[in-house]
Amino acid sequence: MNKESLGFELDEIGYWSEIKIEILKKYASAYNQILINQKFIRKRIYIDAFSGAGVHFSREKEKLVPGSATVALNSLPPFTHYHFIDLNEDKLNFLRENSLERDNVKYHSEDCNEVLLNKLLPTISFKNYERALLILDPYGLQLDWKVIEMAGKSEAIEIFLNFPIMDMNRNVLRRDRTKVSKTNAERMNRFWGDNSLESAAFNSEETLFGFEEVKTDNQTIVNEFRKRLKEVAGFGYVPEPIPMKNKTDATVYYIFFASPKKTADKIVSDIFNKYRK
């Protein structure tokens, strides 16, 4: 199999994206083992909101490598239920055709925000001893904050989240506001949940020419979002996220993890710290 024979454009990933998949692989195994030991847990659900085809083309290795969906399907111990969501029907069909036929796997070729908010997340109940791991790996600012908040308020769902800082910096967090399109501003507010990012992203500083708005750094914005995950979404534990960088050492995005459980926080913090260097 090669990427030219697939019939659709395959996602190409760099070294740090492969690290992200390794992080998921390590945590998925630990997650299921812990919950299996808690005999009262009835369901262990995996949800991939941007699942893709289950494979990527590695620029580093120059070959196809497993994606998050494939890693989850092969996780040992396994999840009891799987949901894969992607707008690209060709990619989703490829994932379906190359996965083992299982009654506990569902595919959704729809907008992930609609599927998550209206079909999946409301059905996951803490009181019914159901737990879920939700992977939110958008290409940019396609995600609705309501998804994150619903997951946090459930007390039953943990998330890995791609925080697209490069998309934010390029298209939204510009000192000249006239260069920010209405569409991009709306995308940002939808992802952030409101327009409070403005106060976190810019400071008013006095210069020789009067007061000017100066953009804050990435870490300030990340710290504010981490605070929102705790105080607004209601996640009990949000470890320091890990930056994903390209070959020029520019941060493309951050990987956030959020959970209601202290044990999960400890496990992911240890995994993050291993790769942070």
Quiz item: Relative to each other, are the rings of F163 and F256 parallel, tilted or perpendicular (30° and 60° limits)?
Solution: perpendicular

Quiz item: Would you find more than 12 non-hydrogen atoms of other residues, nucleotides or ligands less than 6.0 Å from E186 atom CD?
Solution: yes

Quiz item: So, D265 and K261, do they make that salt bridge, N to O below 4.0 Å?
Solution: no

Self-check item: side-chain contact (heavy atoms from CB on, under 4.5 Å) evaluation trace for R276 with E240
Solution: CA-CA 10 Å; R276 200 180 299 278; E240 181 70 28; 3.9 Å; yes

Quiz item: If every non-hydrogen atom of F235 is compared with every non-hydrogen atom of A151, which pair is closest and at what distance?
Solution: CZ-C, 3.8 Å

Self-check item: L173/T216 under side-chain contact (heavy atoms from CB on, under 4.5 Å): CA gap, chis, key distance, verdict
Solution: CA-CA 10 Å; L173 303 180; T216 58; over 6 Å; no

Quiz prompt | Aromatic contact, F225 with Y254 (centres under 6.0 Å) | solution = no

Quiz item: How many angstroms lie between atom CG of L136 and atom CD of Q142, to the nearest 0.5 angstrom?
Solution: 11.5 Å

Exercise. Check whether any side-chain heavy atom of I165 lies under 4.5 Å from a side-chain heavy atom of V252, and answer yes or no.
Key: no

Self-check item: Validation row: K215, N169 side chains within 4.5 angstrom (heavy atoms)
Solution: yes

Quiz item: Could you state the interatomic distance from NE2 (H108) to NZ (K106), rounded to the nearest 0.5 Å?
Solution: 8.0 Å

Quiz prompt | Reported OG-to-NE2 distance for the pair S51 and H83, which is rounded to 0.5 angstrom | solution = 12.5 Å

Practice problem: Would you mind reporting whether L64 and H56 have side-chain heavy atoms less than 4.5 Å apart? | Solution: no

Exercise. Would you check if there is a donor-acceptor pair between the side chains of R226 and N223 at a distance under 3.5 Å?
Key: no

Practice problem: Mark yes or no for whether E130, through its side chain, and S125, through its backbone, hold a donor-acceptor pair below 3.5 Å. | Solution: yes

Self-check item: Within 6.0 angstrom of K230 NZ, more than 12 heavy atoms from elsewhere
Solution: yes

Quiz item: Given side chains that start at C-beta, do those of V55 and L95 come closer than 4.5 Å, heavy atoms only?
Solution: no

Practice problem: Could you verify whether a donor N or O on one side chain and an acceptor N or O on the other, from S68 and D48, lie under 3.5 Å apart? | Solution: yes

Self-check item: Flag, side chain of N113 to backbone of D144, donor-acceptor distance under 3.5 Å
Solution: yes

Quiz item: Is there side-chain contact between V65 and E18, with heavy atoms separated by less than 4.5 Å?
Solution: yes

Practice problem: List for me each residue that meets ring-ring contact (aromatic ring centres under 6.0 Å, His included) alongside F79, sequence neighbours excluded, and say none if there are none. | Solution: Y31, Y46, Y82

Quiz item: Is the cationic atom of R187 (NZ for Lys, CZ for Arg) positioned less than 6.0 Å from the six-membered ring centroid of W192 and within 45 degrees of its normal?
Solution: no

Quiz item: If every non-hydrogen atom of I23 is compared with every non-hydrogen atom of F160, which pair is closest and at what distance?
Solution: CG2-CE2, 4.1 Å

Quiz item: What is the minimum heavy-atom distance between V71 and P66, and which atoms define it?
Solution: CG2-CB, 4.4 Å

Quiz item: Does the side chain to side chain donor-acceptor pair (under 3.5 Å) test come out yes or no for D11 and Y139, once each step is laid out?
Solution: CA-CA 10 Å; D11 295 331; Y139 300 101; 2.9 Å; yes

Quiz item: If every non-hydrogen atom of V172 is compared with every non-hydrogen atom of N184, which pair is closest and at what distance?
Solution: CG2-O, 3.6 Å

Quiz item: In this structure, are over 12 heavy atoms from other groups packed under 6.0 Å from Q38 atom CD?
Solution: yes

Exercise. Measure across A53 and L10 and return the closest heavy-atom pair with its distance rounded to 0.1 Å.
Key: CB-CD1, 4.4 Å

Quiz item: Can you check side-chain contact (heavy atoms from CB on, under 4.5 Å) on Y15 and R59, steps first, answer last?
Solution: CA-CA 8 Å; Y15 171 75; R59 289 192 291 267; over 6 Å; no

Self-check item: Spacing of L161 atom CG and L229 atom CG [to the nearest 0.5 Å]
Solution: 7.0 Å

Exercise. Kindly say whether K63 contributes a backbone atom to a donor-acceptor pair with the side chain of S58 at under 3.5 angstrom?
Key: no

Quiz item: Just how far is it from atom CZ of R44 to atom OG1 of T80, taken to the nearest 0.5 Å?
Solution: 5.5 Å

Quiz item: Does K26 pair with E22 as a salt bridge, N-O distance under 4.0 Å?
Solution: no

Practice problem: Measure up the F40 and Y129 rings against each other and bin them: parallel (under 30°), tilted (30 to 60°), perpendicular (over 60°). | Solution: perpendicular

Quiz item: What about the rings of Y237 and F257, do their centers lie closer together than 6.0 Å?
Solution: no

Practice problem: Please round to the nearest 0.5 Å and tell me the distance separating atom CG of L121 and atom NZ of K153. | Solution: 13.5 Å

Quiz prompt | Any N32 side-chain heavy atom under 4.5 Å of P78 side chain | solution = no

Quiz prompt | Step-by-step salt bridge (charged side-chain N to carboxylate O under 4.0 Å, His left out) determination, R131 to E158 | solution = CA-CA 8 Å; R131 303 293 184 266; E158 300 179 357; over 6 Å; no

Quiz item: I13 and I21: which non-hydrogen atoms are nearest, and at how many Å?
Solution: CD1-CD1, 4.1 Å

Self-check item: salt bridge (charged side-chain N to carboxylate O under 4.0 Å, His left out) between K119 and E110, worked out
Solution: CA-CA 11 Å; K119 294 183 180 180; E110 304 171 62; 2.9 Å; yes

Quiz prompt | Within-4.5 Å side-chain heavy-atom neighbours: I47 and I135 | solution = no

Quiz item: Got a sec: does the CZ of R102 have more than 12 other heavy atoms crowding it under 6.0 Å?
Solution: yes

Quiz item: Is there a side-chain contact between L197 and I221 (heavy atoms, below 4.5 Å)?
Solution: yes

Quiz item: With a 4.0 Å cut-off, would you call D86 and K91 a salt bridge?
Solution: no

Quiz item: Taking only residues two or more places apart in sequence, or in another chain, which ones meet K20 in a side-chain contact (heavy atoms from CB on, under 4.5 Å)?
Solution: S17, D137, M244, Y253, I255

Quiz prompt | Working for side-chain contact (heavy atoms from CB on, under 4.5 Å), residues T220 and E224 | solution = CA-CA 6 Å; T220 299; E224 191 63 26; 5.9 Å; no

